[in-house]
Trainee: 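Got a structure for you, questions after.
Excluded from the calculations below are hydrogen atoms, water molecules and symmetry mates; all remaining heavy atoms, backbone and side chain alike, are included.
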Amino acid sequence: MQETSKYTVFNIREYLGDASHGLGEDTLLQVLSEFSCKINPDVERFIKKQSIEFAKKQQSVTYLVFSTEDAELVGYFALTIKPITVNAEPFSNTIKRKLSRVSTLNEQDQTYNLAAYLIAQLGKNYNNGANERISGKELLGLAIRQIQQLQYLAGGMVIFLEAADEERLLSFYRANGFQRFDTRLTDSSKGEPHELIQLLKLL
């Protein structure tokens, strides 16, 4: 559990683990039912329909963010580790040197292959205005702080995420130290392919 003066962060495995602590999957489902994000249905669908199974299968772990003041769910983020290929060309020599410490360089096409921490989901709870109680910067900061704890235990130095090609989102991530390194074509919930922008940040 991560705790600040304003927020408490719970790993959902704390609900799925020892039921003697008064938690348990039924309690977790009740908590998740309070989450709403109509501006991004994928964010809401993940936490309600996929987060538990993904945690059980070791695919990713979801962290719930509560207001310390009254234990209201204000947002969440999901983390995992995934392999990525990074084109070195857009980056400074300093970043290239750091990437080389934790990756394999393909000299033919000047790309780095490495495992990195992925912020797979990041979303605020719009139920009853809870979203107004935490900023995007604060929520992202909590996710990064959790990754820094993992880094202390296991090493690594690269965080990445994927965002829709919307200038508002991309500006937000750039302002928080992320740099674009590639794109990925994916499918939406309706089966329509769309492009995601991939961005990374070094710890």
Side-chain angles (χ1 to χ4, degrees), residues 2 9-13 16 32 35 37 40-65 75-88 90-91 95-96 98-106 111-124 136-166 169-189 193-203:
Q2 177 189 152
V9 179
F10 269 97
N11 182 328
I12 65 168
R13 285 175 166 168
L16 301 175
L32 299 187
F35 188 91
C37 187
N40 191 334
D42 287 339
V43 166
E44 181 173 342
R45 180 171 55 254
F46 177 84
I47 194 172
K48 289 183 174 179
K49 304 294 185 182
Q50 297 175 294
S51 61
I52 293 175
E53 284 306 307
F54 275 39
K56 288 179 177 179
K57 294 177 180 178
Q58 315 294 337
Q59 290 176 265
S60 67
V61 176
T62 295
Y63 295 82
L64 306 180
V65 180
Y76 84 95
F77 55 87
L79 305 178
T80 190
I81 298 173
K82 279 201 167 185
I84 57 171
T85 299
V86 178
N87 180 0
F91 296 102
I95 292 180
K96 290 176 184 177
K98 290 182 178 180
L99 285 173
S100 68
R101 298 175 193 165
V102 292
S103 66
T104 302
L105 174 64
N106 183 329
T111 57
Y112 293 94
N113 299 302
L114 64 148
Y117 297 105
L118 169 64
I119 301 177
Q121 297 285 343
L122 188 77
K124 295 197 287 183
K137 183 174 182 177
E138 287 174 314
L139 185 59
L140 179 61
L142 290 170
I144 292 172
R145 184 178 299 181
Q146 189 65 50
I147 291 172
Q148 288 172 326
Q149 293 178 15
L150 299 173
Q151 180 194 33
Y152 179 78
L153 295 172
M157 65 171 67
V158 181
I159 306 172
F160 80 105
L161 51 80
E162 299 177 327
D165 191 3
E166 299 174 7
L169 272 177
L170 299 179
S171 293
F172 168 74
Y173 288 121
R174 285 195 298 266
N176 285 279
F178 285 81
Q179 298 181 61
R180 175 174 176 161
F181 70 91
D182 208 345
T183 61
R184 183 174 72 87
L185 198 63
T186 187
D187 291 332
S188 71
S189 58
H194 65 285
E195 188 176 69
L196 293 174
I197 307 300
Q198 296 179 305
L199 307 103
L200 65 76
K201 176 185 177 75
L202 300 187
L203 292 174

Trainee: Does a side-chain heavy-atom distance below 4.5 Å link F77 with V65?
Mentor: yes
Trainee: Excluding sequence neighbours, so at least two apart, what forms ring pair (Phe, Tyr, Trp, His ring centres under 6.0 Å) with F46?
Mentor: F54
Trainee: Check the pair I147 / I119 against side chain to side chain contact (heavy atoms under 4.5 Å, CB included), numbers first and verdict last.
Mentor: CA-CA 9 Å; I147 291 172; I119 301 177; 3.9 Å; yes
Trainee: What distance separates Q121 CD from R45 CZ, expressed to the nearest 0.5 Å?
Mentor: 9.0 Å
Trainee: Which atom names give the shortest non-hydrogen contact between Y173 and A163, and what distance separates them?
Mentor: CE1-CB, 3.9 Å
Trainee: Kindly compute the distance separating NZ (K201) from CG (N176), expressed to the nearest 0.5 Å.
Mentor: 7.0 Å
Trainee: Which is it for L118 and I159 under the side chain to side chain contact (heavy atoms under 4.5 Å, CB included) test, yes or no, and what are the steps along the way?
Mentor: CA-CA 6 Å; L118 169 64; I159 306 172; over 6 Å; no
Trainee: Please give me the minimum heavy-atom distance between A78 and T62, naming the atom from each residue.
Mentor: CB-OG1, 3.7 Å
Trainee: Mind checking whether V61 and L79 have side chains closer than 4.5 Å, heavy atoms only?
Mentor: no
Trainee: Measure the shortest side-chain to side-chain distance between L64 and I47 over non-hydrogen atoms and say whether it is less than 4.5 angstrom.
Mentor: yes
Trainee: Here's a test for you: under side chain to side chain donor-acceptor pair (under 3.5 Å), which of N113, T104, D182 qualifies with T85?
Mentor: N113
Trainee: Of all the heavy-atom pairs spanning Y117 and G155, show the shortest one and how long it is.
Mentor: OH-O, 2.6 Å
Trainee: Please report the closest heavy-atom contact between S103 and L114, naming both atoms and the distance.
Mentor: CB-CB, 3.6 Å
Trainee: Within this structure, what is the OG-CG distance for the pair S51 and L32, rounded to the nearest 0.5 Å?
Mentor: 5.0 Å
Trainee: Within the 4.5 Å heavy-atom criterion, are I95 and Q179 side-chain neighbours or not?
Mentor: yes
Trainee: For R184, what residues pass the salt bridge (charged side-chain N to carboxylate O under 4.0 Å, His left out) criterion, not counting sequence neighbours?
Mentor: E162
Trainee: Is the closest side-chain donor-acceptor distance between N87 and T111 under 3.5 Å?
Mentor: no
Trainee: Is there a side-chain contact between F91 and L200 (heavy atoms, below 4.5 Å)?
Mentor: yes
Trainee: For a side-chain contact (heavy atoms from CB on, under 4.5 Å) with Y76, tell me which candidate from F35, F10, Y63 qualifies.
Mentor: F35
Trainee: Going from CZ on F181 to CZ on F160, what distance comes out if it is rounded to the nearest 0.5 angstrom?
Mentor: 5.5 Å
Trainee: Are L196 and T183 packed together at the side-chain level, in the sense that at least one heavy-atom pair is separated by less than 4.5 angstrom?
Mentor: no
Trainee: Is any side-chain heavy atom of V158 less than 4.5 Å from a side-chain heavy atom of L203?
Mentor: no
Trainee: Could you state the interatomic distance from NZ (K96) to CZ (R101), rounded to the nearest 0.5 Å?
Mentor: 15.0 Å
Trainee: Atom NZ of residue position K98 - does it have more than 12 heavy atoms of other residues, nucleotides or ligands inside 6.0 Å?
Mentor: no
Trainee: How long is the straight-line distance from CD of Q151 back to CD of Q146, given to the nearest 0.5 Å?
Mentor: 12.5 Å
Trainee: Would you indicate whether the side-chain heavy atoms of L161 and L122 approach each other to under 4.5 Å?
Mentor: no
Trainee: Can you see which heavy atom on I197 is nearest to which on L199, and at what distance?
Mentor: O-CD1, 3.5 Å
